[in-house]
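The next block holds one structure in the form of C-alpha cells; read it before the comments.
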Amino acid sequence: MMDTVLKVRGLAVDFKTDIGLTHALVDVGFDMPRGKVTAIVGESGSGKSVTANCIMRIIQPPGKIVGGTIDFAPESMDPFEIVSLGKRDPRLQELRGGLISMVFQEPMTALSPVYTVGNQVAEAILCHRKVGRQQAWKEAAEMLERVGIGDIDRRIRMYPFEFSGGMRQRVVIAMALVCHPEILICDEPTTALDVTVQAEILTLIKDLQNELGNSVLFITHDIGVVAQLADKVVVMYQGRVVEIGTVRQVLKDPMHPYTKGLLAAIPGLAPKGEPLATIASVVGDTDISRPYPLISLPDGRQVSMPREQIPGAII
Amino acid sequence: MSEPTANGSLLEVKGLSKFYDGVPAVEDVSFDVTRSETLGIVGESGSGKTTLVRAILRAIDPDQGVVRFLSSGGWVELQDMRAKELIPLRREMQMIFQDPFASLNPRMTVRQIIEEPLIIHRVGNASERLEAVRDMLAHVQLEEDSLTRYPHAFSGGQRQRIGIARALILHPNLVVCDESVSALDVSVQAQIINLLEELQNELGLTYLFVAHDLSVVQHICDRVLVMHRGRVVESGTVDEIFTAPKENYTRLLLSAVPSPDPDVPLEPLDRRELGL
C-alpha cells in the first residue's frame with residue numbers, strides 16, 4: 001500500500017455569480033503519494049488553482065467549499081480533515097505556511113516591497129516556531145543560500161525590487177521551505193519566467209524535494225514541465241478530474257479524449273507544415289463535457305469515461 | 001542565411017541600433033525578410049526582441065541603421081521618414097499584440113474595433129467598410145453576431161481573433177506578431193497558430209514572429225534570429241537552429257526547454273560554463 005499524505009474526496013466548490021451558481025469544482029478526488037511530485041494539469045478555468053486553494057483553506061467569497069473531504073496525514077502530528085476545520089482551530093494556522101506552504105506564479109506579488117528579503121524569510125520562521133530573532137535570521141540566511149542565492153551577507157538586506165524575476169522566485173521558495181512543510185504547493189511557479197530561468201527553478205525544486213523528502217503538488221498548464229517534474233499526474237477539465245495516472249501512463253498513453261487533445265495541441269510534437277491538432281479535432285463528436293465517474297483500472301490509473309469506451313476494460 | 005527563394009525581399013534591416021541613456025537595447029542588427037516567409041525572433045526577456053520590431057515599424061525611433069521596406073510604391077527607407085510620410089505606409093505594416101485583454105478598447109464594439117483602421121485611412125464608404133468587416137470576421141472564423149458585442153463578452157482566443165482581424169483589415173504585407181499566442185491556453189494557442197498559417201497562405205502575408213516559446217517558433221517559422229543582449233547572435237533556417245545550433249547562447253536556450261516526453265530528461269546547460 002502506498003503511503004498517502006493527502007486524500008481528496010468529492011471536493012465541490014461553488015462560486016456565486018450574478019447569473020447563478022458556477023460549479024468551479026465538481027466531485028474532485030485524488031491521492032497524493034508521500035514524498036512524490038503530483039502534478040495537476042489543465043487549462044485556465046479547469047479548477048487547478050481552486051483545488052490548491054481548498055487544500056490551504058484560502059477559498060475567498062464568492063467561492064465556497066460545498067462538499068467533500070481532504071484528509072491530511074502529516075508525519076509530525078495526528079491525521080486530520082481539512083475542510084471541516086473550524087476557523088479558530090489552531091491546526092488551521094499550523095497548516096497554512098507550516099505544514100503546507102505555497103509558491104505562487106508572480107513572485108513580485110508574493111513578496112512585500114517594503115521589507116528586506118531576509119526579513120520576509122525570517123518572518124515565516126517566527127510565525128510558526130518558537131525561536132528568537134537571531135536564530136530566525138540565521139536560518140533564513142541558510143535557506144536563502146540553499147536556494148542558490150550567493151553573496152548572502154549583502155543580499156539578505158536587499159529588497160525584492162533589487163532582484164531579478166528568477167531570484168525573487170528563489171526567495172519565495174526559500175520562504176515556503178523554511179518551515180520544512182510536508183507539502184509544498186507550487187501554483188504555476190515558472191509561468192512568468194524565461195525558459196532558461198524556468199529550467200533553473202525546476203531543477204532547484206526537484207533537487208530540494210529529493211533532499212528534503214517533502215511532497216509536492218505542482219500546478220501547471222505546461223506539459224513539458226509536468227513531464228520533467230511529476231511522478232503522478234491529475235488531468236482536470238471544467239472543474240472535474242478526467243484522468244489520473246503515472247506521468248508515463250498519462251503522457252505516453254493518454255486515455256481520455258481531452259488528455260489526448262491537450263497533448264496533440266503541443267506545437268513541438270506536431271509535424272511541421274501541418275496544422276496543429278486542436279481539442280475539437282481530436283475529440284470529434286465525443287461529448288467530453290458530460291461527466292462520468294472515475295473508473296479505476298487494474299494498472300492503477302483512473303479515467304472518467306463510459307466503461308464501454310475504455311480499451312481492455314471488463315464490462 | 002537560407003538560399004534565396006523565388007520571392008524577393010520585403011524588408012531589409014542594416015545596422016539597426018537603439019540606445020536608452022547610452023545603453024544599447026538593440027545594437028547593429030542586420031537581416032532580410034523574404035516575402036511570404038515567417039521569420040522568428042527569439043531570446044530571453046530583455047534581449048531586445050520587442051525593441052527591434054518596434055524600431056522597424058517606427059513605433060519608436062531607431063538611433064542608427066537603415067530599414068528598407070518594399071511598399072506598394074517601391075522601396076522606401078523608414079528610419080528617417082517624417083510621421084506624415086509614414087501614415088500611408090502604416091496600412092502595409094501591422095501588428096498583432098500579446099495581450100488580448102489589454103489591446104482591445106473595452107468601450108468599442110467588435111465592429112468599431114475592426115472598422116477603425118479603415119476609417120483612419122479613409123477606405124471606402126460606410127457600406128463598403130461594413131462589407132469588409134464582415135468579410136474579415138469570416139476569415140478569422142468569428143460569428144457575424146459578434147459585430148455588435150463588446151470585447152468583455154469574448155474569451156481570450158476569440159479576442160485574439162478580433163485583434164488579428166483588426167490587423168489584417170487593411171491588407172498589410174508585413175505583420176508583426178509580438179508574442180501573439182503566448183497568453184493563450186495550449187488548445188486555444190493551437191487554433192490561433194493554425195489560423196495565422198491559413199491566413200498567411202490565403203493572403204500571402206509575411207510574418208515577423210516574436211516569441212519566447214521555442215516549440216511554437218519551431219512549428220510556425222521558416223527562419224529564426226536568436227537575440228542576446230540586443231544583438232543577433234545566430235540566424236538560420238528552423239532546422240539549422242534547432243538541430244545544429246552553432247552559438248553557445250542558442251544551445252543554452254534550447255537545452256532549457258522541458259521536453260513533453262518524460263523519458264527525455266531536462267539537462268539545462270550552465271550559463272557560466274558557456275561563458276555567457
Side-chain angles (χ1 to χ4, degrees), chain A residues 39 41-46 164-166 190-203 206 220-231 233 237 246-252 258 261-283, chain B residues 38 42-47 155-157 181-198 201 211-222 228 237-239 242 249 251-271 274 276:
Chain A
V41 294
E43 298 180 274
S44 342
S46 60
S164 67
T190 59
T191 307
L193 305 174
D194 266 322
V195 63
T196 46
V197 182
Q198 165 174 287
E200 290 168 19
I201 297 291
L202 292 179
T203 310
K206 209 171 186 173
T220 181
H221 67 276
D222 187 329
I223 303 293
V225 171
V226 174
Q228 296 306 321
L229 212 62
D231 299 297
V233 181
Y237 175 65
T246 65
V247 66
R248 277 179 186 74
Q249 285 171 341
V250 173
L251 297 192
K252 295 215 151 184
Y258 174 75
L262 193 64
L263 294 175
I266 304 171
L269 299 178
K272 206 174 158 53
E274 281 175 38
L276 290 169
T278 58
I279 305 277
S281 72
V282 172
V283 169
Chain B
T38 302
V42 302
E44 292 169 281
S45 34
S47 61
S155 67
V181 298
S182 312
L184 306 173
D185 268 321
V186 61
S187 67
V188 180
Q189 176 179 287
Q191 293 168 12
I192 298 297
I193 289 172
N194 290 345
L195 175 66
L196 287 172
E197 293 200 305
E198 282 167 39
N201 292 335
H212 68 276
D213 185 332
L214 295 170
S215 61
V216 171
V217 169
Q218 187 174 18
H219 183 81
I220 200 171
C221 296
D222 302 305
H228 180 46
T237 65
V238 159
D239 280 346
F242 280 84
Y249 181 70
R251 290 171 50 222
L252 172 78
L253 272 187
L254 291 172
S255 76
V257 180
S259 164
D261 183 342
D263 292 324
V264 180
L266 178 65
E267 283 160 355
L269 296 169
D270 191 297
R271 201 179 282 265
L274 295 172
L276 293 164

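Throughout, a chain's letter reflects where its sequence line sits, starting with A, and its residues are numbered from 1.
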Validation row: L266(B), K206(A) side chains within 4.5 angstrom (heavy atoms): no
Residue part contacting chain B, namely of L229(A), when any heavy atom lies under 4.5 Å: neither
Partner set under side-chain hydrogen bond (donor to acceptor under 3.5 Å, both in side chains) for H212(B), not counting sequence neighbours: E179(B)
Heavy-atom contact with chain B under 4.5 Å, split by part of A277(A): backbone
T191(A), part contacting chain B, at a heavy-atom distance under 4.5 Å: neither
Validation row: D263(B), R248(A) side chains within 4.5 angstrom (heavy atoms): yes
Which atom of E274(A) lies closest to which atom of E197(B), heavy atoms considered: O-OE1, 4.4 Å
4.5 Å side-chain heavy-atom contact, Q198(A) and P258(B): yes
Which of G46(B), S45(B), P268(B) touches chain A most, by non-hydrogen pairs under 4.5 Å: S45(B)
Closest non-hydrogen atom pair, I266(A) against P260(B): CD1-CB, 4.1 Å
For S215(B), all residues meeting side chain to side chain contact (heavy atoms under 4.5 Å, CB included), sequence neighbours excluded: P267(A), D213(B)
Shortest non-hydrogen contact from D261(B) toward Q228(A): O-NE2, 3.7 Å
Minimum heavy-atom distance between S259(B) and A227(A), given as atom pair plus value: O-CB, 3.3 Å
Interatomic spacing from CD1 in I193(B) to OG1 in T278(A) - rounded to 0.5 Å: 11.5 Å
Structural part of V225(A) lying under 4.5 Å from a heavy atom of chain B: both
Which atoms of I223(A) approach chain B - backbone, side chain, both or neither, heavy atom under 4.5 Å: both
Option among L276(B), L252(B), L269(B) that satisfies the side-chain contact (heavy atoms from CB on, under 4.5 Å) test with T196(A): L252(B)
Pick from P265(B), G156(B), P262(B) with the largest number of heavy-atom pairs that fall under 4.5 Å of chain A: P262(B)
V195(A) vs E44(B), side chain to side chain contact (heavy atoms under 4.5 Å, CB included): CA-CA, chis, key distance, verdict: CA-CA 8 Å; V195(A) 63; E44(B) 292 169 281; 5.7 Å; no
